[in-house]
Structures are given as structure tokens and as C-alpha cells.
There are 2 protein chains.
Amino acid sequence: MSDEQAEGGNGTKGAIVAKTLADHAYQRIRRDIVAGKLAPGSKLRLEALTKRYDVGMSPLREALARLVGDALAVIEGQRGFWVAPLSIAEFEDITRVRGLIETEAMQLSIEQGGPDWEAAVRVSYEDLSKLERKLKKKSDDALPAWEDANRRFHEALVAACGSPWLIRFRSMLYDQSERYRRISLIRSAADRCVHDEHEAIVEAALSRQVLKACRLTELHLRRTADVVREALAAEQRKRA
Amino acid sequence: MSDEQAEGGNGTKGAIVAKTLADHAYQRIRRDIVAGKLAPGSKLRLEALTKRYDVGMSPLREALARLVGDALAVIEGQRGFWVAPLSIAEFEDITRVRGLIETEAMQLSIEQGGPDWEAAVRVSYEDLSKLERKLKKKSDDALPAWEDANRRFHEALVAACGSPWLIRFRSMLYDQSERYRRISLIRSAADRCVHDEHEAIVEAALSRQVLKACRLTELHLRRTADVVREALAAEQRKRA
DNA sequence: TAAGCCATAAATTTCGATATTTTGTTGAAC
DNA sequence: GTTCAACAAAATATCGAAATTTATGGCTTA
């Protein structure tokens, strides 16, 4: 776990601390897009954003350009930037590809993970469990912390796969999925018996049962997808 | 093939024609990185680049920021941009993940591809074959055209997979691989009996033999990887 | 209704100012 | 003589503001 260049809490790629205004803007806007605070498909008016994030044009555009590379924003010729739109079709796609990537990474991680991996998985699982109990009792403001812990937990599981590219792709898809989850219902996952699913995955992974762990992971994704899909459909019915 | 927003010849993401200076710089620098004209790991000095590509700072930085998102450049705090470095370890990783993605996309494409897909595959295969014959005879300057046709051919094969994310990932990995291929030997693939491999893949794909097509694709990747690996090793021996 | 035109809004870019890193030099300590 | 720290100078990256270019929406006219 010698990581000079680890990730910064949420899915923020790059340096731990933002050394430049562009970095800082990138991280904040990224968070806001993933969280849905910047509406999917909405126009990103430059001048408004300079005020909202308190930066000049140059660092702002640089931040947005990075987000385009992350598929969280889209750019069009002389017409500016938009928040990347969401669609049910894309969500299905994301879920399917995510299954492919996650299971492959999981398998490799289980096969190659050492004691440090096991320890990291246990720790992140405990952290997550703690926050779930907290969340269960009082409908708390612990949600952001839970979301963060959930991310870390899933990262930890595949961290030993030894494939930077699998990890990169997995992370991208996780962020994309997260956008849908947050839009469709701000709590969803926390309510569901997600904890049991996590527990089962951890057990299978730590006892090196590759196939079982992969199956459970896919199930986990499918269940999450079901909730999101339903919520999105309900949303559409409401609008109609 | 109704593509308002197709790719632009080489692997250039985004609009067909560059509508802004930043777009233009992005495309040119991207080409140069993939082609190895900007050396892997080398520093990208801003002022030098403004002259080389004849743009100002802002569009230049914007272009580089996009390339960071593409994993073709890296950025560090107040220290600027570098061309993303190459390493044998990463090449192995890329090849492995590429196998996963390509075969999945191939399978879906074969299962779902219609007449238009078949036609597109045939056309791109013919284009490629033509250029290969041309290249075989006289050691021509047709190499860039061959590289382009090769890209299009592999794109066409998986174009019907119906998964934008598989296509996106595949394209990223293709570009990454291309960097290694071009570094290791400017001709390589063209010399090898790559044509026979392509022919076999096309036949299997068009006769809807999923497993066979996937196996051949993996073989194709592995063979290409062997050449690159050997060339890289030779390179290292030479330096030592 | 549709094409042309103008006014406004917005995106893009240039350019110079500012902040940071890198390089080179000096001098003191060992 | 070598190493190291402190410092200054140069190189470089970053940023902000205003000029420029392009799109947008409303209005007129055919």
C-alpha cells in the first residue's frame, strides 16, 4: 500500500491534494456531477461556473476538459460544455460492462491478494459496517460518509488484481453507476439488505472462492441495477 | 452508419473536424503521442508546444487536459505535463485487458450484427487487404494509410456490439497498444502474416462462429504482443 | 411560413501578470 | 576537496481579464 499517488477520498483521480486552481475546480465539479448537484444533461455555462467555483476561465476550462476525458462532461465545438446526460440504455450498458470488469478484477485479486490485501478488505468492510449500523438507527447525515466507505470497500476488494487498467476502468464505471444511484434515490442501497450482500462477498473473497465471489458480485450489481431501474421508470411515469 | 459524430480517421475522439483551436491542438498532439513523435515520458514544455502547434496557452492546456483524461499524458501539480510513459509491465496489462474487452465486444457484435455490419466488415477488410498488397510490393509510404485501415477494420468488427462503453474502452486500449507497436518497430505488423490472421477472423465472424472468432482474436493479440515484447527487449539489450 | 439580419449572449482565445519550480552560485562546515 | 544549505536568477507553469469570434433568439421582410 505504498501509494504516494493514492485517490483522494471520493473518486477523484490524480493528486491527493489540489495544488492548482484547475485541480481544485476539477475535483469539486467532479463531485458535484457524480452527486447530481449539477443536473445530468444540463448546460455548463462558463461564466456562471467561474462564480460558483470562484475560478477564472482558464482553470475552469481545463477542469472541464479533464471531465470530458472522464466521460462526465461532453463538449461540442463552439457551443460549450454539458454535464454528460443519463439514459436507461446507457445504464444497462454500464451495468453489463461493469459486471465483466468487476468479476475479472475480483478473480485476479483473489488469486493474487496477500495478507495486506486481506487486511485492507477487512478494515474497509468494518468501516462500512459501522456506518451502516449508524445509518440504520437514525436517518442520519452519515450518508456521504457511507458513500465514501462503500467506494473504498469495493476498491479494496479488487485492489490486488495487479491490473492498473482494470482498476481504471472499474473506477470509471463505478462513478458512472454512482450517478444513476444518486439520481434514482438518495438512499436506496443503504436501505436494502446491501450489508448482507457485502458480507457474503467478503467471506467468499477471503476464503478464496473465486467463482462464488464473482457470482455474488454480479448478483450485487444486478440487485443494485434493479433498484435504480425501477426508480428511473417511476421517475419517467411521474413526468408523463 | 448514420454518424453525425463519427471518429475522425485516426483514433481522434470527438468531432470530425476541429472547430476550435483547442480541438485542433488536441487532435494533432494526440496523433503525435500515439505515433511516438513525442517521446514517451518526455516533458511537454508549454512554450515549446505553443510554437510547435501554433496555439496560445489556454487552448494548449485544454488540449493537454483532455489527453490526461485519455491516459496519453500525465499532469503533476505545479510541474506541468508529460507524455505518458511506456513500460513492459503496462504493455502486458494492456494486452490482457484488451483481450477481455475485444473478445466480449466481438461476441456481442457477431450475435447482434446485421447486414450493414457484415457489409462494413467486408469493406474495411477489402480496404485493408488492398493496402497490404500495396505495402508488400514496394516498401511504400503507404504505412500511415495501412495503420488507418487497420484501425478501421478492427473497429468495424466490434461496431455492432451495441455497447458504447465496450467500444470506448476498446478504443482506448487500441491507442495504447498502438503506441507500443509503433515504438517497437515501425513496420512490424505489416511484415508479419497479419493478413492471414485478419482473413481468418473475418471468416469466423461473418459465419457467426463466436468461439472461433474470439479465439482467433486472442491469438492475433498475442502474436502482436510477442513481436512488440521482443522488440522492446531487444531495445533494452541495446541500451545496456 | 421562411429566409435574412441585427442585437445579445456565450464561448474561445490572446496576452500579460503572478506564482512556483528549477538551476546555478556562493560560502560555510566537515 | 567535498558536501550541503541558503539564496538569487532564470525558466516554467498557472492564472485572470479583456479582446475576439461564434452562436442564439428575436425581428423584419418577402
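Naming convention: chains lettered A, B, ... in sequence-line order (proteins, then strands); numbering from 1 in each chain.
- In this structure, the CD atom of A/E76 is 10 Å from the P atom of C/dT12, given to the nearest Å.
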Taking protein heavy atoms under 4.0 Å as touching, what does nucleotides 14-19 of chain C look like 5' to 3' if B marks base contact, S marks sugar-phosphate-only contact and - marks none? BB----
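- If you check residues 41-51 of chain B against DNA chain D, the residues with a heavy atom closer than 4.0 Å are B/K43, B/L44, B/R45, B/L46, listed by number.
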Given the rule in the side-chain contact (heavy atoms from CB on, under 4.5 Å) test, do B/L64 and B/L44 qualify, once you have shown the distances and angles that lead to the verdict? CA-CA 9 Å; B/L64 292 176; B/L44 292 165; 3.9 Å; yes
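- We find that CG of A/D23 is positioned 14 Å from P of C/dT20, with the value rounded to whole Å.
- When the P atom of C/dA10 is taken as reference, atom CG of A/L64 falls 16 Å away, rounded to whole Å.
- Only one option out of A/R170, A/R98, A/R30, A/R31 pairs with A/D175 in a salt bridge (charged side-chain N to carboxylate O under 4.0 Å, His left out); it is A/R30.
- Every salt bridge (charged side-chain N to carboxylate O under 4.0 Å, His left out) that B/E178 has, sequence neighbours left out, goes to B/R181, B/R182.
- Counting only residues at least two apart or in different chains, ring pair (Phe, Tyr, Trp, His ring centres under 6.0 Å) contacts with residues 64-91 of chain A comprise A/F91-A/Y180.
- Screening residues 45-56 of chain A for salt bridge (Lys or Arg N to Asp or Glu O under 4.0 Å), with sequence neighbours left out, gives A/D32-A/R52, A/E47-A/K51.
- Following rounding to the nearest Å, A/L60 (CG) and C/dT13 (C1') show an atom-to-atom distance of 15 Å.
- When the C1' atom of D/dT14 is taken as reference, atom OH of A/Y26 falls 19 Å away, rounded to whole Å.
- With no hydrogens or angles considered, no side-chain donor-acceptor pair links A/S58 and B/R61 at under 3.5 Å.
- Spacing between atom CZ of A/R66 and atom P of D/dT14 amounts to 10 Å, rounded to whole angstrom units.
- Taking A/R229 as the reference, A/E92, A/D226 meet the salt bridge (charged side-chain N to carboxylate O under 4.0 Å, His left out) condition, with sequence neighbours excluded.
- Judged by distance alone, the side chain of A/S109 and the main-chain N or O of A/L157 form a donor-acceptor pair under 3.5 Å.
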